[in-house]
K.L.:
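Here it is: the structure, laid out below.
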Amino acid sequence: MADDLHLGQIIATNNLYKDLIGGKFGIELEAHRVSKAGRLSRIDHSAKLGSRRMHPYLQTDYSETQAELVTEPVDSFETARDRLLQLQWVLRYHMADDESIWPLSMPPELKQDDLQWLDEKFERTWMQDYRNWLMHKYGSTHEIMTGLHLNYSLPQDLLQHLFQASDAVDFNVFKDQVYFHLGQQIVAHQWLFNYLFGATPFNLNDTDSRTPQFSQPVRSLRTSEYGFVNDRGEKLAYVGDYEKYKRQIEKLLAEGKLFSEHEIYGPVRFKKIAADNPSVDYLEIRLVDTNPFDIAGISENELNLIHLLLIYFIINDEKLSDEVLQGQDETANEVSLQKPTDALTNKDAVLVIMQEISRLADHFGMRFNDGLSLITDRVLTPSKTPAAKMLVAAPDAATMQVWATQLGNDRARYFKENEQALFADYFGTNPLSGVVKDALTVGVRVIEYDSNHIVLSVGDHVERVTEPVNINELFPELIIH
């Protein structure tokens with residue numbers, strides 16, 4: 001059982017707190033390209049951004065306008081955010097003058113011709129069968145909601161130390177148990193994520209049969225029962241152990257209820273870097289709405305808090321009963337559908353968590369001070385949560401459409417006016433900065449880099465670069481794609 005691991009006890013007994021800081025961190029951001037009028041862009045995804053069959057960083061999703069930016073795994077969430085800003089720079093640089101990035105998770109207002117274009121325009125033909133399945137099952141308006149996914153893996157040294165101090169006999173089974181324990185903790189606290197990061201108070205469209213237009217704003221439509229979730233008979237329960245979880249997936253696939261594992265819309269996915277890897281490699285956390293007040297869609301302070309919460313969940317040895325885990329859906333949904341200015345009904349529970357993570361943070365000096373300040377502000381003052389702040393800017397759906405359109409246009413204009421200054425901020429000014437930019441553009445992996453060298457790869461082809469070079473000459477196989 002995942003909750004019989006006693007990870008917190010092992011970490012305290014062996015004083016492994018410092019080992020908790022490391023790991024690998026990544027961010028995936030979905031966002032739409034829109035016109036200056038705030039409608040889905042009709043301009044094609046730029047061919048200069050490499051092949052979407054193989055690009056590791058710049059993809060599209062259900063819609064041709066729905067850009068998906070995926071960062072390389074790095075050593076902190078803050079560095080991942082820096083990489084995300086680089087990818088945003090590349091995307092913006094290759095967008096038309098008439099385009100901006102839509103700053104909300106909920107899609108912009110869609111007219112009838114937008115819906116027809118959405119249904120008919122799709123260039124990734126190798127994904128056509130899956131796309132058709134989604135269109136007929138969920139509808140296009142529903143499928144183009146966007147948000148952030150956070151990827152996190154524990155430090156390998158920590159996993160080895162925990163395994164050696166445990167009674168486990170198989171490292172891969174133990175590793176799966178550790179990740180499932182962390183996943184269960186996240187699921188049990190989904191209500192807290194929905195409160196802290198909810199930012200979808202309105203549905204701007206009446207063409208989504210699954211997501212109603214409420215007369216009053218809510219905290220997070222996207223994470224509610226009306227949002228980007230599986231149908232009731234297809235939701236996965238995070239009870240028991242990882243093997244039981246996998247059997248649920250196998251059953252749904254065998255019954256033809258899910259097209260593939262890509263259709264799992266739960267709060268957490270357990271991921272492998274390669275399908276034949278013997279155990280889980282990292283978690284994909286799918287609970288965070290796009291924060292429109294931050295250019296990256298998520299702030300450094302928010303990421304700082306999430307990292308601290310993940311460490312807290314790892315060491316939390318509280319036994320989670322099946323009843324608690326199954327009941328979290330209702331609690332999380334209630335929080336999502338609250339008015340954004342309402343206080344948490346279970347405020348006592350979060351105050352206990354705040355005390356415990358504050359004591360935990362003492363092990364790391366000032367590393368998590370910003371995250372602690374953020375959770376204090378948002379819990380004690382609901383008006384400081386993202387959804388509540390959005391209502392100040394736009395108190396109804398019609399105004400939200402106008403506000404988001406203007407915000408996107410303002411950022412697009414700022415980028416055009418400060419393109420080179422932003423490049424220097426995001427990439428630096430050393431001679432290798434242009435190589436990094438070119439690699440991100442065409443889809444060459446940037447494994448590591450500093451002012452003196454870059455390690456690049458395409459498949460098994462790896463190059464170490466110490467001076468400016470032509471990416472296409474270095475990787476001629478790119479032309480094949």
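Both backbone and side-chain heavy atoms feed into the values below; hydrogens, waters and symmetry mates do not.
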K.L.:
How about S451 and N430: does a side-chain donor come under 3.5 Å of a side-chain acceptor?
P.N.:
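There is no such pair between these side chains.
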
K.L.:
Could you walk me through whether F427 and Q86 pass the side-chain contact (heavy atoms from CB on, under 4.5 Å) test, one step at a time?
P.N.:
CA-CA 7 Å; F427 291 90; Q86 291 178 337; 3.6 Å; yes

K.L.:
Quick one: pull up CG in L150 and CD in E284 and give me the separation to the nearest 0.5 Å.
P.N.:
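L150 atom CG to E284 atom CD measures 9.0 Å (nearest 0.5 Å).
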
K.L.:
Out of curiosity, L236 CG to K251 NZ, how far, rounded to the nearest 0.5 Å?
P.N.:
11.5 Å

K.L.:
Do Q116 and Q112 get their side chains close enough for a donor-acceptor pair, meaning under 3.5 Å?
P.N.:
no

K.L.:
What is the minimum heavy-atom distance between S63 and H32, and which atoms define it?
P.N.:
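Here S63 and H32 meet closest at CB-CE1, 4.1 Å.
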
K.L.:
How long is the span from the OG1 atom in T207 to the CG atom in L115, to the nearest 0.5 Å?
P.N.:
4.5 Å

K.L.:
Please determine whether side-chain contact (heavy atoms from CB on, under 4.5 Å) holds for the pair L305 and F197, giving the CA-CA distance in whole Å, both sets of side-chain angles, and the decisive distance to 0.1 Å.
P.N.:
CA-CA 11 Å; L305 172 58; F197 309 111; 4.2 Å; yes

K.L.:
Can you run down the salt bridge (charged side-chain N to carboxylate O under 4.0 Å, His left out) pairs that involve residues 191-220, sequence neighbours left out, and say none if there aren't any?
P.N.:
R210-D231

K.L.:
Could you tell me whether Y426 and W89 have their ring centroids closer than 6.0 angstrom?
P.N.:
no

K.L.:
Can you name the nearest heavy-atom pair linking E72 to V446, along with the distance?
P.N.:
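Heavy atoms only, the tightest pair is CG-O, 3.6 Å.
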
K.L.:
Scan side-chain atoms only and decide if T399 and D396 contain a donor-acceptor pair under the 3.5 Å cut-off.
P.N.:
yes

K.L.:
Just checking, any donor-acceptor pair under 3.5 angstrom between side chains of T200 and S105?
P.N.:
no

K.L.:
Using only heavy-atom distances, determine whether the side chains of T211 and H142 contain a donor-acceptor pair under 3.5 Å.
P.N.:
yes

K.L.:
Which residues pass the side-chain hydrogen bond (donor to acceptor under 3.5 Å, both in side chains) test with Q213, sequence neighbours left out?
P.N.:
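Result, side-chain hydrogen bond (donor to acceptor under 3.5 Å, both in side chains) vs Q213: none returned.
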
K.L.:
What are the two closest heavy atoms between K272 and P278, and how far apart are they?
P.N.:
NZ-C, 4.4 Å

K.L.:
Locate the shortest heavy-atom distance separating V218 from S336; write the atom from each residue and the value.
P.N.:
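Heavy atoms only, the tightest pair is CB-O, 3.7 Å.
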
K.L.:
Which residue pairs pass the salt bridge (charged side-chain N to carboxylate O under 4.0 Å, His left out) test when at least one of the two sits in residues 28-41, sequence neighbours left out?
P.N.:
R33-E99, R39-D113, R39-D114

K.L.:
Apply salt bridge (Lys or Arg N to Asp or Glu O under 4.0 Å) to residues K246 and E243 and explain how you reach the verdict.
P.N.:
CA-CA 5 Å; K246 288 194 296 183; E243 291 301 316; 3.2 Å; yes

K.L.:
Please walk me through it: do H307 and F25 pass side-chain contact (heavy atoms from CB on, under 4.5 Å)?
P.N.:
CA-CA 9 Å; H307 188 188; F25 305 81; 3.6 Å; yes

K.L.:
Report the residues that fulfil side-chain contact (heavy atoms from CB on, under 4.5 Å) with E261, sequence neighbours left out, ordered by chain and then residue number.
P.N.:
I249, L253, I264

K.L.:
Under 6.0 Å from the CD atom of Q128, do we count more than 12 heavy atoms belonging to anything else shown?
P.N.:
yes

K.L.:
I'd like to check K271 versus N151 (side-chain heavy atoms, cut-off strictly below 4.5 Å). Are they in contact?
P.N.:
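Answer no - side chains too far apart.
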
K.L.:
If you count every heavy atom of other residues, nucleotides or ligands that lies below 6.0 Å from F293 atom CZ, does the total exceed 12?
P.N.:
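Atom CZ in F293 is packed in, count exceeds 12.
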
K.L.:
Before you tell me yes or no, could you show the steps for E300 and D370 under side-chain contact (heavy atoms from CB on, under 4.5 Å), namely the whole-Å CA-CA distance, both residues' side-chain angles and the distance that decides it to 0.1 Å?
P.N.:
CA-CA 9 Å; E300 285 191 1; D370 292 336; over 6 Å; no

K.L.:
State which residues pass side-chain contact (heavy atoms from CB on, under 4.5 Å) with H55; sequence neighbours excluded, sorted by chain then number.
P.N.:
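Once residues adjacent in sequence are excluded, the partners of H55 under the side-chain contact (heavy atoms from CB on, under 4.5 Å) criterion are Y57, L58, Q59.
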
K.L.:
Is the centre of the F270 ring less than 6.0 Å from the centre of the Y245 ring?
P.N.:
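Ring centroids of F270 and Y245 are less than 6.0 Å from each other.
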
K.L.:
What verdict does the salt bridge (Lys or Arg N to Asp or Glu O under 4.0 Å) test give for D75 and K24, after you've listed the backbone C-alpha separation in whole Å, the side-chain angles of each residue and the deciding distance to 0.1 Å?
P.N.:
CA-CA 5 Å; D75 293 335; K24 289 295 181 182; 2.9 Å; yes

K.L.:
Please report whether the ring centroid of H181 lies less than 6.0 Å from that of F313.
P.N.:
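That pair fails the under 6.0 Å test.
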
K.L.:
Taking only residues two or more places apart in sequence, or in another chain, which ones meet Y282 in a side-chain hydrogen bond (donor to acceptor under 3.5 Å, both in side chains)?
P.N.:
none

K.L.:
Taking side-chain hydrogen bond (donor to acceptor under 3.5 Å, both in side chains) as the definition, give me every residue that meets it alongside K437, ordered by chain and number, with sequence neighbours left out.
P.N.:
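If we apply the side-chain hydrogen bond (donor to acceptor under 3.5 Å, both in side chains) test to K437, skipping adjacent residues, there are no hits.
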
K.L.:
What pairs of residues pass the salt bridge (charged side-chain N to carboxylate O under 4.0 Å, His left out) test when at least one of them lies in residues 414-429, not counting sequence neighbours?
P.N.:
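Every pair satisfying salt bridge (charged side-chain N to carboxylate O under 4.0 Å, His left out) with a residue in residues 414-429: D97-K416.
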
K.L.:
Between R52 and E68, is the closest basic N to carboxylate O distance under 4.0 Å?
P.N.:
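Here E68 does not pair with R52 in a salt bridge, since their nearest N and O are not under 4.0 Å apart.
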
K.L.:
With sequence neighbours excluded, what pairs up with S140 under the side-chain contact (heavy atoms from CB on, under 4.5 Å) test?
P.N.:
Y62, L118, D119, M135

K.L.:
Only pairs under 3.5 Å count here: list side-chain donor-acceptor contacts from residues 453-466, not counting sequence neighbours, and write none if there are none.
P.N.:
from	atom 1	to	atom 2	distance (Å)
H453	ND1	D450	OD1	3.1
H453	ND1	D450	OD2	3.4
H453	NE2	E448	OE2	2.9
H461	ND1	E477	OE2	2.7
H461	NE2	E463	OE2	2.7

K.L.:
Identify, with sequence neighbours excluded, every residue that meets side-chain contact (heavy atoms from CB on, under 4.5 Å) alongside D44.
P.N.:
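side-chain contact (heavy atoms from CB on, under 4.5 Å) check on D44 returns K121.
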
K.L.:
Kindly say whether the aromatic ring centers of Y265 and Y138 come within a distance under 6.0 Å.
P.N.:
yes

K.L.:
Could you tell me which non-hydrogen atom of T141 sits nearest to which non-hydrogen atom of P107, and how far apart they are?
P.N.:
O-CG, 3.9 Å

K.L.:
Report, as yes or no, whether the 6.0 Å neighbourhood of atom CZ on F415 holds more than 12 heavy atoms from other residues, nucleotides or ligands.
P.N.:
yes

K.L.:
Salt bridge (charged side-chain N to carboxylate O under 4.0 Å, His left out): which pairs involve residues 128-146, sequence neighbours left out?
P.N.:
K137-E234, K137-E263

K.L.:
OG of S153 to CG of D281: how many Å apart, nearest 0.5 Å?
P.N.:
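That separation rounds to 8.0 Å.
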
K.L.:
I need the minimum non-hydrogen distance between R222 and V288, along with the two atoms involved.
P.N.:
NH1-O, 3.3 Å

